[in-house]
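Just so we're clear, the structure is a prediction, and the values are computed from it rather than from any experiment. Quick note: numbers below take in every heavy atom, side chains included, and nothing from hydrogens, waters or symmetry partners. First the proteins, then the strands, lettered A, B, ... as listed; each starts at 1.
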Amino acid sequence: MEIRTRFAPSPTGYMHIGNLRTALYEYLIAKKDGGKFILRIEDTDKERYVEGAVDVIYDTLKMTGLNHDEGPDVGGEYGPYIQSERQGLYMEYAQRLIKNGNAYFCFCTKERLDSLKSNSGDGSAFAHYDRHCMNLDHEKIAENLDNNIPYVIRQKMPAEGSTTFEDAVYGSITVDNSELDDQILIKSDGMPTYNFANVVDDHLMNITHVVRGSEYLSSTPKYNLLYDAFGWTAPTYVHLPPVMKDASSKLSKRNGDASFQDLVEKGYIAEAIINYIALLGWSPSDNQEIFTLEELKDKFSISGLSKSPSIFDPVKLTWMNGEYIKAMDFEKYFSFVKPKLEDALKNKGLDLRKIAALLQKRLETLNDVSNMVDFFDELPQYSTELYIHKKMKTTEEIALDSLSACLPVFEAIDSWTETEIHDRLMELIEQKAIKNGQMLWPIRTALSGKATSAGGATELADILGKDETIRRIKKGIELLTK
RNA sequence: GGCCCGUUGGUCAAGCGGUUAAGACACGGCCCUUUCACGGCUGUAACGGGGGUUCGAUUCCCCCACGGGUCACCA
């Protein structure tokens, strides 16, 4: 049978990392075996609907390459793929359950329900619905319906026994039926609850693997009972442990934690984000860590999923992002960095490609660019102490001597290329019989005005150009002379 | 509170009765080197506690502790 998984977000305007990871695993489970990955929008809660949120979902899936085979925007044979457009369907199925005795109308008011909770014997707020409306007779129901008294439809849970289901990650889980509330299937506004819509849609859309967060683990027996009530076969359940912010709290929008969009804005690459989150809760059978989506499709397996929560570690993501930047084809990399460079540099005469090349091995996120290239634009104020470097065996005196010596050499160079600069400088070093660092460190320092820079003396000189190089060397001499 | 789930270094994690308990990130050291970085080598660091079962438990069972989830006309 063809594997079909579905990503079923509700459009609340935000794609958090845990959600995206769920989508990834759903995609991989389907694609690993040539199955279908479906997008379904769960907008049954009118209150929480956020304008434009659906676009965030589309954009994210597109950027990450988790392309869906069916969905509101691409169509498919099981549509519509937006729950609010399927409303009539749910009522029809709920009626079916009423007919076969697995559900019933409930006309209880909000007030009565509330009093139920506060009046519960032990004072706990965890009382189940007392089934007040379960055995209403037909006449009464018809009368209430005729009088337009608001109602909900509730699922009738078995009074005794227990329900067991198999989860692909957590194994066999059993819950006493007495734990199960007669949950609402259809709300008084006519919309289905998530619990009901999910089951109906998953069945109607032929979903074979239901992948979702472990917060649904304890309500899964209710879903199974619903499948049973319809006479349907329940799907394979794959429950996922949460992605945490720290040991005791989940990553969430409330805490202002990073969403996918935030991470992209912070200079992370979509592929790196996907790669990193793939490893949050799943591990391959070997020690590979860097994966393309294609490789992931190949290597992913449900058996590698973990049961315990994992903490999102931005430090490791940053490392991985750096790995992606380093490994990237230069043209692709340049297309990412170019706008950042243009943004950071006012001096439009600089060779952005050369600067970008210097940065590629050093960047961890795209947003590191501005800090690393600022000195190209303008020589910062710096202290002559920078010229003192123990390992390079330099002092301010040596630095002054080296800068003074290289100045005429620079001035004499006609074709300003990196190799030319390098060769002439090496000749000078040989003549003076000094260590490379004693000449090159002072030059690098004079050109950058910083303790560290992306690139050494010759590279910086090449990029800055002859005039600017000479100007900065003179400036260095001036500072050291005082 | 009832029920469900989880617990290997700071973090991600391998392990599925017998291992010197992998690997990665981070951190420290060394090497390379015109700085920083990259790269290479290397070091510190872990089985929550207590009982069983067993010749032998990180691995199996029970209890405890801690953490999380759930008990909505939210998903």
Asker: Tell me: CD1 of A:Ile311 to P of B:G67, nearest whole Å?
Answerer: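 Distance check: A:Ile311 CD1 to B:G67 P gives 14 Å.
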
Asker: Need the pair for B:C60. Rule: Watson-Crick or G-U wobble, both distances under 3.5 Å, any strand; none if unpaired.
Answerer: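 Its partner is B:G52.
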
Asker: A:Pro309 side chain: which of B:C25, B:G6, B:G2 is closest?
Answerer: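 Among the listed nucleotides, the one closest to the side chain of A:Pro309 is B:G6.
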
Asker: Where the side chain of A:Ser308 is defined as all heavy atoms beyond and including C-beta, which of B:G39, B:U7, B:A75 is the nearest nucleotide?
Answerer: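 For the A:Ser308 side chain, the nearest candidate turns out to be B:U7.
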
Asker: Check the distance between B:G6's C1' and A:His239's NE2 and give it to me in whole angstrom.
Answerer: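 Checked: the NE2 to C1' distance equals 15 Å.
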
Asker: Mapping A:Ser188 and A:Gly456 onto RNA chain B by nearest heavy atom, which one lands closer to the 5' end?
Answerer: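 Looking at RNA chain B, the more 5' nearest nucleotide goes with A:Gly456.
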
Asker: Within the structure shown, what part of the strands sits under 4.0 Å from A:Ala457 by heavy-atom distance: base, sugar-phosphate, or nothing?
Answerer: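 The answer is base, as A:Ala457 lies within the cut-off (heavy atoms under 4.0 Å) of a base atom.
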
Asker: Nearest to the A:Met244 side chain among B:A75, B:C5, B:G68, which nucleotide is it?
Answerer: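 Closest nucleotide among those given: B:G68.
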
Asker: Is A:Ile184 touching bases, backbone alone, or none of the nucleic acid, heavy atoms closer than 4.0 Å?
Answerer: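 Since a base atom lies under 4.0 Å of A:Ile184, the category is base.
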
Asker: Quick one: is the NZ or CZ of A:Arg353 closer than 6.0 Å to the six-membered ring centre of A:Phe334, and within 45° of its axis?
Answerer: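 Here A:Arg353 passes the 6.0 Å and 45° test against A:Phe334.
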
Asker: With a 3.5 angstrom cut-off on both distances, give the Watson-Crick or G-U wobble partner of B:A65, or none if there isn't one.
Answerer: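 Because both required distances fall under 3.5 Å, B:A65 counts as paired with B:U7.
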
Asker: Looking at B:U70, does its base get a donor-acceptor pair with the side chain of A:Ser219 below 3.5 Å?
Answerer: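 By the distance-only test, no, there is no pair.
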
Asker: I want to verify a distance call: between B:A26, B:C73, B:C36, whose nearest atom is closest to the A:Val315 side chain?
Answerer: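 Closest nucleotide among those given: B:A26.
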
Asker: Need one value for A:Glu179: base, sugar-phosphate or nothing, where a base atom within 4.0 Å counts as base even if backbone is also close, heavy atoms only.
Answerer: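 The residue A:Glu179 makes base contact.
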
Asker: Students often get this wrong, so: under 4.0 angstrom with heavy atoms, is A:His128 touching a base, only sugar-phosphate, or nothing?
Answerer: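 Result for A:His128 = sugar-phosphate.
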
Asker: Using the side-chain heavy atoms of A:Pro242, tell me which of these nucleotides is nearest: B:U35, B:U34, B:G68.
Answerer: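 That would be B:G68.
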
Asker: Partner lookup for B:C47, please. Criteria are Watson-Crick or G-U wobble with both distances under 3.5 angstrom; report none if nothing qualifies.
Answerer: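 Checking every strand shown, B:C47 finds no partner, since no pair has both distances under 3.5 Å.
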
Asker: Between A:Val369 and A:Val373, does a side-chain contact (heavy atoms from CB on, under 4.5 Å) hold up when you go through it step by step?
Answerer: CA-CA 6 Å; A:Val369 167; A:Val373 300; 4.2 Å; yes

Asker: Taking the nucleotide of RNA chain B with the closest heavy atom to each, which residue, A:Asn195 or A:Asp286, is nearer the 5' end?
Answerer: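 The residue mapped nearer the 5' terminus is A:Asp286.
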
Asker: When both hydrogen-bonding distances must be under 3.5 Å and the geometry is Watson-Crick or G-U wobble, what is B:A72 paired with, if anything?
Answerer: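 Base-paired to nothing in any strand shown.
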
Asker: Which nucleotide, B:G39, B:A24, B:C5, lies nearest any side-chain atom of A:Lys326?
Answerer: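 From the listed options, B:G39 comes nearest.
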
Asker: Could you state the CG-P distance from A:Asn177 to B:U70, rounded to the nearest angstrom?
Answerer: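 Taking atom P of B:U70 as the reference, CG of A:Asn177 is at 21 Å.
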
Asker: Starting the side chain at C-beta, find the nucleotide from B:G2, B:C12, B:U35 nearest to A:Leu280.
Answerer: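 Minimum distance to the A:Leu280 side chain belongs to B:C12.
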
Asker: Between atom OH in A:Tyr276 and atom P in B:U11, what is the gap in whole Å?
Answerer: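 Roughly 12 Å, once rounded to whole Å.
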
Asker: Check whether any side-chain nitrogen or oxygen of A:Ser218 sits under 4.0 Å from OP1 or OP2 of B:C5, and answer yes or no.
Answerer: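 False: A:Ser218 side-chain N/O out of range (4.0 Å or more) of B:C5 OP1/OP2.
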
Asker: Going by purine N1 to pyrimidine N3 plus the second Watson-Crick contact, or the G-U wobble pair, all under 3.5 Å, which nucleotide sits opposite B:C41?
Answerer: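 WC or wobble partner is B:G29.
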
Asker: Nearest whole angstrom, please: distance from the C1' of B:C3 to the OH of A:Tyr170.
Answerer: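 Answer to the nearest Å: 16 Å.
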
Asker: Let me know which of A:Glu323, A:Glu364, A:Glu289 forms a salt bridge (charged side-chain N to carboxylate O under 4.0 Å, His left out) with A:Lys316.
Answerer: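 The single option meeting the salt bridge (charged side-chain N to carboxylate O under 4.0 Å, His left out) with A:Lys316 is A:Glu289.
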
Asker: Which of the following nucleotides, B:C12, B:A75, B:C73, is nearest to the side chain of A:Ser310?
Answerer: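 Ranking B:C12, B:A75, B:C73 by closest atom to the A:Ser310 side chain puts B:C12 first.
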
Asker: Looking at A:Trp282 versus A:Tyr25, is the centre-to-centre ring distance below 6.0 Å?
Answerer: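 So the answer is no for these two rings.
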
Asker: Kindly say whether A:Lys222 contributes a backbone atom to a donor-acceptor pair with the side chain of A:Gln155 at under 3.5 angstrom?
Answerer: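 Yes, because the side chain of A:Gln155 sits within donor-acceptor range (under 3.5 Å) of the backbone of A:Lys222.
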
Asker: May I ask you to verify if any side-chain N or O of A:Lys316 is less than 4.0 angstrom from the OP1 or OP2 atom of B:G23?
Answerer: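 For B:G23, neither OP1 nor OP2 has a side-chain N or O of A:Lys316 closer than 4.0 Å.
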
Asker: OP1 or OP2 of B:A14 less than 4.0 angstrom from a side-chain nitrogen or oxygen of A:Ser283, does that happen here?
Answerer: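 For B:A14, OP1 or OP2 has a side-chain N or O of A:Ser283 closer than 4.0 Å.
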
Asker: Could you tell me the separation between the NZ atom of A:Lys393 and the P atom of B:U34, rounded to a whole number of Å?
Answerer: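 Whole-Å distance recorded here is 13 Å.
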
Asker: Under 4.0 angstrom, heavy atoms only, what part of the nucleic acid is A:Gly455 near: base, sugar-phosphate, or nothing?
Answerer: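 Base contact.
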
Asker: Side chain of A:Lys187, heavy atoms from C-beta onward: which of B:G2, B:C74, B:U35 has the nearest atom to it?
Answerer: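 So the nucleotide nearest the side chain must be B:C74.
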
Asker: Figure out the CG/P separation between A:Leu113 and B:C73, and round it to whole Å.
Answerer: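 Taking atom P of B:C73 as the reference, CG of A:Leu113 is at 6 Å.
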
Asker: State whether A:Lys391 places a side-chain N or O below 4.0 Å from either non-bridging phosphate oxygen (OP1 or OP2) of B:U33.
Answerer: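 So the side chain of A:Lys391 is outside the cut-off, no N or O lying under 4.0 Å from OP1 or OP2 of B:U33.
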
Asker: Would you indicate what A:Cys108 reaches in the nucleic acid, counting non-hydrogen atoms under 4.0 angstrom: base, sugar-phosphate, or nothing?
Answerer: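 Result for A:Cys108 = base.
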
Asker: By the 4.0 Å heavy-atom rule, please label A:Met392 as base, sugar-phosphate, or nothing.
Answerer: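 Answer is sugar-phosphate: A:Met392 comes under 4.0 Å of backbone atoms only.
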
Asker: Heavy atoms under 4.0 Å, any strand shown: does A:Thr44 hit a base, just sugar-phosphate, or nothing?
Answerer: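 Since only primed, P, OP1 and OP2 atoms lie under 4.0 Å of A:Thr44, the category is sugar-phosphate.
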
Asker: Check the distance between B:A13's P and A:Glu289's CD and give it to me in whole angstrom.
Answerer: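 Atom CD in A:Glu289 sits about 11 Å away from atom P in B:A13.
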
Asker: Does B:C12 pair with anything, Watson-Crick or G-U wobble, both distances under 3.5 Å, and if so, with which nucleotide?
Answerer: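 For B:C12, the partner nucleotide comes out as B:G23, under the 3.5 Å rule.
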
Asker: Within the modelled atom types, does a donor on one side and an acceptor on the other bring the side chain of A:Arg362 and the base of B:C36 under 3.5 Å apart?
Answerer: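 Such a pair exists between side chain and base.
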
Asker: Both distances under 3.5 Å, Watson-Crick or G-U wobble: report the partner of B:C36, or none.
Answerer: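 Pairing partner, where one exists within any strand: none, as none qualifies.
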
Asker: Looking at A:Tyr194, A:Tyr223, A:Tyr237, which one forms a ring pair (Phe, Tyr, Trp, His ring centres under 6.0 Å) with A:Tyr216?
Answerer: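 Result for ring pair (Phe, Tyr, Trp, His ring centres under 6.0 Å) with A:Tyr216: A:Tyr194.
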
Asker: Please work out which of the three classes, parallel, tilted or perpendicular, describes the rings of A:Phe107 and A:Phe105, given edges at 30° and 60°.
Answerer: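 Rings of A:Phe105 and A:Phe107: parallel, as their planes differ by under 30°.
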
Asker: Just call it for A:Thr174: base, sugar-phosphate, or nothing, with non-hydrogen atoms closer than 4.0 Å on any strand.
Answerer: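 Contact class for A:Thr174: sugar-phosphate only.
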
Asker: Should A:Asn287 be listed as having a side-chain N or O under 4.0 Å from OP1 or OP2 of B:G23?
Answerer: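 Indeed not, no polar side-chain atom of A:Asn287 lies that close.
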
Asker: With a 4.0 Å cut-off on N to O distance, would you call A:Arg40 and A:Asp202 a salt bridge?
Answerer: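 Answer for the salt bridge query: yes.
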
